[in-house]
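One structure is given below, encoded as structure tokens.
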Protein chains: 2
Amino acid sequence: MRKSNKHTKIIEAAITVFAKKGFFSARISDIAKEAQVADGTIYLYFNNKYDILISLFEEEIGKIILEIKLLLENATDPREMLHIFALHHMQLMAEHKELAEVLQMELRQSNKFMKEYRNTKFIEYVDVVSAIIHKGQEEGVFRQSLLPGVFKRAFFGALDETSRLWILSPDHHYTIDETASQISDIFITGIMAKG
Amino acid sequence: MRKSNKHTKIIEAAITVFAKKGFFSARISDIAKEAQVADGTIYLYFNNKYDILISLFEEEIGKIILEIKLLLENATDPREMLHIFALHHMQLMAEHKELAEVLQMELRQSNKFMKEYRNTKFIEYVDVVSAIIHKGQEEGVFRQSLLPGVFKRAFFGALDETSRLWILSPDHHYTIDETASQISDIFITGIMAKG
DNA sequence: GACTAAAAAATGAACAAGCATTCATAAACT
DNA sequence: AGTTTATGAATGCTTGTTCATTTTTTAGTC
């Protein structure tokens, strides 16, 4: 067995192919070719095409969650934590464009064609934000009237859409850091407690 | 010819079917059955399956743009305009859940499988927001440092993701009005000029 | 109004292509 | 020699699209 096993090679190939064509237009043979294995080999590591996508979600989002939680350990101020989350999210998407495209495109429609699949990993990721809001409210830094459940989605949605734009547009008028700061600034200023 | 023509019936059926199954899992025969026409009839009104989706986008977003522009004519304060946009967007999505699902799911991946298609209608919609920001900056109500091109996406992304959550979750903890106010409040407070 | 012929609209069974999945066979390890 | 891993051609199902045929509408004539 090679150092980099086939499972990983196939997942990486799938990211590339799904990013380019989208899940449904992607053929198993495309992924096989990209991973430099035979079509049949894929079925030794995954049950079916859906299973590749699900494994991809679980593994990649799992890594992202570990990273962001580790980064947040160094911060205590909820405002700083929000900024770290924003910056890290944008940087991650910018550095891994193919993964970003797959997550942004396929994640939200995955529950359409895979009825039984609940994406708990994604929920876990977004809940990092609501935890920060909660902490900020307890410390009196953020307004009590804020609904953490609404905020987490609004914040994530803003980051998601902005990073999507950044990836798609060929000429970047602004840097990742500028964009992330712009967004976390708006949100942090917008939710601070009076005084 | 009936009062409601076949073109409209097919578009409406497509919204229902695409919302339930997603574009790729939806069969032409599903749409035909929902529209109460024969499979072949669809090809008298649309060139192919993609064409149904594109027509759906153009026509429905077109209507939405007309509506929001009309509503905004009554307002002059940029802050109020932002709130009107947020509230109207949320209300629209909540009242037309199926359309919302199709737009939220298929819109962003449409450029994946339809390479030649540029969604100008969508861009026009989001540009309504950047126009408001521009106006606010000219009047000195909003910070000059704001990047309207970033803001419009962040604002839209927040609304999009929040309305998506609202539609998906069966039990609504908050009303549409609460949610829209929450978001426009955060953004407006976050972007006001000092003093 | 009734009848008719030409045009337009609608039908749905049949076709053909695409592609996920399988499995008999081969290659690579142990 | 046996076991594991990999191959890729063949299979079979799914489904978008077509088109020969039928139904409906329109327009003209008496």
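Lettering follows sequence order; numbering is per chain, from 1. Being a predicted model, the structure only gives us computed values, none of them experimental.
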Discussion item. Within the 4.0 Å limit for protein heavy atoms, which parts of nucleotides 9-14 of chain D are touched? Write it as a string from 5' to 3', B for base, S for sugar-phosphate only, - for none.
Written reply: ------
For the pair made of [atom1] in [X] and [atom2] in [N], what is the distance, rounded to whole Å?
X: A:Y45; N: D:dT7; atom1: OH; atom2: C1'; answer: 12 Å
X: B:K9; N: C:dA9; atom1: NZ; atom2: P; answer: 16 Å
X: A:K33; N: D:dG8; atom1: NZ; atom2: P; answer: 13 Å
X: B:H7; N: C:dA8; atom1: NE2; atom2: P; answer: 21 Å
X: A:Y50; N: C:dC19; atom1: OH; atom2: C1'; answer: 13 Å
X: B:I42; N: C:dA10; atom1: CD1; atom2: P; answer: 12 Å
X: B:N47; N: D:dG16; atom1: CG; atom2: P; answer: 16 Å
X: B:F46; N: C:dA9; atom1: CZ; atom2: P; answer: 15 Å

Between [options], which nucleotide gets closest to the side-chain atoms of [X]?
X: B:K6; options: D:dT7, C:dT11, C:dA10; answer: C:dA10
X: B:Y43; options: C:dA9, C:dT22, D:dT17; answer: D:dT17
X: A:N48; options: C:dT11, D:dG16, C:dT21; answer: C:dT21
X: A:A38; options: D:dT7, C:dT21, C:dA10; answer: D:dT7
X: A:L44; options: D:dT5, C:dT11, C:dT21; answer: D:dT5
X: A:T41; options: D:dG16, C:dA10, D:dA6; answer: D:dA6

Fit a plane to each ring of [X] and [Y], take the angle between them on a 0 to 90° scale, and name the class: parallel (under 30°), tilted (30 to 60°) or perpendicular (over 60°).
X: A:Y117; Y: A:F57; value: parallel
X: B:Y50; Y: B:F23; value: parallel
X: A:F24; Y: B:F24; value: parallel
X: B:W166; Y: B:H172; value: parallel

Worksheet entry | Nearest heavy-atom neighbours spanning A:P148 and A:Q137 | CG-OE1, 3.7 Å
Discussion item. Using only atom types and a distance under 3.5 Å, with no angle test, would you say the side chain of A:Q109 pairs donor to acceptor with the backbone of B:G22?
Written reply: no
Worksheet item: Under the side-chain hydrogen bond (donor to acceptor under 3.5 Å, both in side chains) test, which residues partner B:E59, sequence neighbours left out?
Response: B:H7
